[in-house]
Engineer: 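Take a look at the following structure, please.
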Amino acid sequence: MRIYVPCDAAALATGADKVAAAIVAEAGRRGVEAQIVRNGSRGMFWLEPLVEIVTPQGRTGFGPMTVADVPGLFDAPGQHPKAVGLVEEIPFFAKQQRLTFARCGVIDPLDLGDYIAYGGYAGLAQAIKLGPAGICAEVKDSGLRGRGGAGFPTGIKWETVRTAQADQKYVVCNADEGDSGTFADRLMMEGDPFSLVEGMTIAGIATGATRGYVYIRSEYPHSIRTMNKAIARARQAKLLGANVMESSHDFDMEVFVGAGAYVCGEETALLDSLEGKRGQVRAKPPLPALVGLFGKPTVINNAISLLTIPVILEKGAKYYAEFGMGRSRGTMPVQIAGNVKRGGLFEAAFGITLGEIINDIAGGTASGRPVRAVQAGGPLGAYFPPSLFDTEYDYEAFTKRNGLIGHGGLVVFDDSVDMAKMARFAMEFCAHESCGKCTPCRIGSTRGVEVIDKIIAGIEPEKNLSLVEDLCETMKLGSLCALGGFTPYPVMSAITHFPEDFQKPAMPLAAE
Amino acid sequence: MNNDFKPELVEAIIDANLGLERPLLPVLHAIQEEFGFISEDAMRLVANRLNITRAEVYGVVSFYHDYRTKPAGRHVLKLCRAEACQSMGSEANAAALLTRLGLDWGGTTEDGRLTVEPVYCLGLCACAPSAMLDGELHGRLDAAGLEFLAQEAA
Ligand SMILES: Cc1cc2nc3c(=O)[nH]c(=O)nc-3n(C[C@H](O)[C@H](O)[C@H](O)COP(=O)(O)O)c2cc1C
Ligand code: SF4
Ligand code: FES
């Protein structure tokens, strides 16, 4: 019997290790030979821990599993109360277009043989054939835009670094993934880490960079461990180091662990942090592509941008660009989180609507109450009411509605949410995480919390609302980066779309 | 965890990281891992050995939320306070726990058993609310689950 039990952090957080141990014990008791593989997660988190048993028809799933559910796996699996059928036929999974996440949850994350058997390192082989200029052209043609938030074309960034002259260049992977509601980087680092190693190696060859860093947030201990192991194994297999894959190119990389600062996800703050300093945002220009880590030309990309590169080179730019709409090409790993019935990672071509994702795919709220608001794009993203659920998943369509896709997170709230509190939280978060360089961000956000507190207490709501609006304008105009500059989005969208939550009668401060 | 300052241990940590391009953050991580916090003495030694000013070390330690300059309790419980966890009621659960323990965020129980700290997202946002106890992750933590976890940390 071959049984898969995920080792992804979300599976572990919901008891996967105990389930795995129980399976081993039960198999031993029954004298059944069971081979346990610890795979990554398929990203269907409402089913985690999702145990899969290999059958002639395919892998059949059981979830969410508890220790008490284990003996039943050995009795009559077909009648098991947690049986969910063939995993790849579950609608949430079957409706996806998995290009970037094709291997995630399927393979043993640290088995290089498995990785290669599922198409791994075909992209690097192609990259070596194409050479630096050829790779940059291919990435440009794919239409890939940065998945970290700003949506900047990846190929253009690489070309800038490629043509820069320097004795040393760097590739930096931004795996700081601080946005609430996002876990795509984490899922891949734990479920398919070699794809990031391969993607960074290709970036190195394309730009002439020989050293790479993966900046992983400290909140991701499992990702850190898995990436370190994957890097060591790749090095052992001569897929990192001198003459990568017997080519004339050298590339090696290491993990760098963050220290709990949201602003270090901003690329220049991240570089300062890597240099051992406080993570403060640098003014641009100069661009990191020209003056980056230690003052050298540096490619800095989000983890998903980088680990999507191998599949683009393997299948071709044209193939990738055929997915999507408008100027948003390819697929986006949408992450559905919060108060949601079926939360998880849904990779789909751009163009799907917000409503389809929230209502059809995710099945509405976990609480069973009506959906009231969805925050798209993390703590700096706007709140969308259901009346805007026809918005298509596309960079430009979101911008038109004063929102942003960001890193692809969606956080769902039911009708018990108090949007004045959420607006307050946005300001509070900004105050907590501000790097301190700009007054509107550092002081304005603290002031914002105070003013929203007055509104919540029913003190002169009209006057204080217009004060918040002024504050937001000042923050937008006077902030160096998007932390101060975009905090107005969640605040103003809450006020605009949910005005009733800001018009409460005066009441004592202590009341809920 | 060992709360006493042992210069030879700090020295060993620094030596182990000297090969890195910029060792400061990795050194601070390792010191906190070893001692549970970063003491004045440790900062002084790090500044000396890495040839940077004490102000620089202090500036870095105070900038990052991870670093503690006071000892923590024997167990550290980090509760997620970010939006996805809020949507599943994390704030009310946390408030109830803190009230029962008589703590504010970042506080340690009088018996030195438990420190409760905020964290902003653990990447478990589809299994909210979530928490980390001594480095172990926990998801789908309702009020009862959280209370159980806090009591388990004995
Ligand atoms: C406050 C702030 C936080 C950010 N956090 C992240 C992050 O966690 N991960 C990320 O990839 N990009 C983050 N970004 C965006 C980065 O600055 C940058 O645009 C990105 O790393 C570029 O990579 P890409 O082109 O592949 O998206 C953040 C930006 C800001 C202003
Ligand atoms: S907007 Fe805020 S976080 Fe960004 S640079 Fe200014 S002070 Fe720092
Ligand atoms: S918001 Fe709590 S784990 Fe992401």
Engineer: In terms of heavy-atom proximity below 4.5 Å to chain B, should A:L187 be classed as side chain, backbone, both, or neither?
Structural biologist: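 Neither part.
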Engineer: Taking B:A82's backbone N and O only, do any of them form a donor-acceptor pair with A:S180's side chain (distance below 3.5 Å, no angle check)?
Structural biologist: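 It does not hold such a pair.
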Engineer: Measure B:L50 against the heavy atoms of chain A and call it side chain, backbone, both or neither at under 4.5 Å.
Structural biologist: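 Neither part, no heavy atoms under 4.5 Å.
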Engineer: Side chain from CB out, backbone as N, CA, C, O: work out which of these in B:S130 comes under 4.5 Å of a heavy atom of chain A, or both, or neither.
Structural biologist: neither
Engineer: Between A:S218 and B:Y64, do the side chains contain a donor N or O and an acceptor N or O under 3.5 Å apart?
Structural biologist: no
Engineer: Looking at chain A, which one of B:G59, B:A131, B:G139, B:A126 has the largest number of heavy-atom pairs inside 4.5 Å, strictly under?
Structural biologist: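 Most pairs with chain A among the choices: B:A126.
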Engineer: Would you say that A:P64 contacts B:R140 through its side chain, given a criterion of any heavy-atom pair below 4.5 Å between the two side chains?
Structural biologist: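 Contact flag for A:P64/B:R140 side chains = yes.
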Engineer: Counting only heavy atoms closer than 4.5 Å, note whether A:P379 contacts chain B via side chain, backbone, both or neither.
Structural biologist: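 Its backbone and side chain both get close to chain B.
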Engineer: Does any heavy atom of chain B fall under 4.5 Å from the side chain of A:V412, the backbone, both, or neither of them?
Structural biologist: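 Interface part for A:V412: backbone (N, CA, C, O).
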Engineer: Is it the side chain or the backbone of B:L24 that comes within 4.5 Å of chain A heavy atoms, both, or neither?
Structural biologist: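 The answer is the side chain of B:L24.
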Engineer: Without swapping roles, check the side chain of B:S87 against the backbone of A:N339 for a donor-acceptor pair under 3.5 Å.
Structural biologist: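 Side chain of B:S87 to backbone of A:N339: a pair is present.
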Engineer: When heavy-atom pairs shorter than 4.5 Å are enumerated against chain A, which of B:P26, B:C125, B:A128 gives the highest number?
Structural biologist: B:C125
Engineer: Within a strict 4.5 Å, meaning less than it, do heavy atoms of the A:F183 and B:L122 side chains meet?
Structural biologist: no
Engineer: List for me each residue that meets side-chain hydrogen bond (donor to acceptor under 3.5 Å, both in side chains) alongside B:K78, sequence neighbours excluded, and say none if there are none.
Structural biologist: none
Engineer: Using a 4.5 Å cut-off on heavy atoms from C-beta on, say whether the side chain of A:F429 contacts that of B:R81.
Structural biologist: no
Engineer: Could you check whether any side-chain N or O of B:H29 sits under 3.5 Å from a backbone N or O of A:V257, counting only pairs where one atom can act as donor and the other as acceptor?
Structural biologist: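 At least one qualifying donor-acceptor pair exists.
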Engineer: Are B:Y120 and A:H432 close enough that their ring centers fall under 6.0 Å?
Structural biologist: yes
Engineer: Need one label for A:A373: side chain, backbone, both or neither, based on atoms under 4.5 Å from any heavy atom in chain B.
Structural biologist: neither
Engineer: For chain A, find which of B:C85, B:P129, B:G123 contributes the most heavy-atom pairs closer than 4.5 angstrom.
Structural biologist: B:G123
Engineer: Which one of B:E91, B:E21, B:E136, B:M132 has the most heavy-atom pairs closer than 4.5 Å to chain A?
Structural biologist: B:E21
Engineer: Using ring pair (Phe, Tyr, Trp, His ring centres under 6.0 Å) as the criterion, list what pairs up with A:Y170, not counting sequence neighbours.
Structural biologist: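 For A:Y170, the residues satisfying ring pair (Phe, Tyr, Trp, His ring centres under 6.0 Å) (neighbours in sequence not counted) are A:F294.
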Engineer: May I ask you to test the B:Q86-A:K421 pair for a side-chain heavy-atom distance under 4.5 Å?
Structural biologist: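 Not in contact.
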Engineer: By a 4.5 Å heavy-atom criterion (distance strictly below it), what part of B:V119 contacts chain A: side chain, backbone, both, or neither?
Structural biologist: side chain
Engineer: Between A:D179 and chain B, with a heavy-atom cut-off of 4.5 Å, which part of the residue counts as in contact: side chain, backbone, both or neither?
Structural biologist: backbone
Engineer: For residues A:T14 and B:H138, determine if any side-chain heavy atom of one lies less than 4.5 Å from a side-chain heavy atom of the other.
Structural biologist: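 A side-chain contact under 4.5 Å is absent here.
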Engineer: Any non-hydrogen side-chain atom of B:H65 less than 4.5 Å from a side-chain atom of A:Y262?
Structural biologist: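 B:H65 vs A:Y262: side chains apart.
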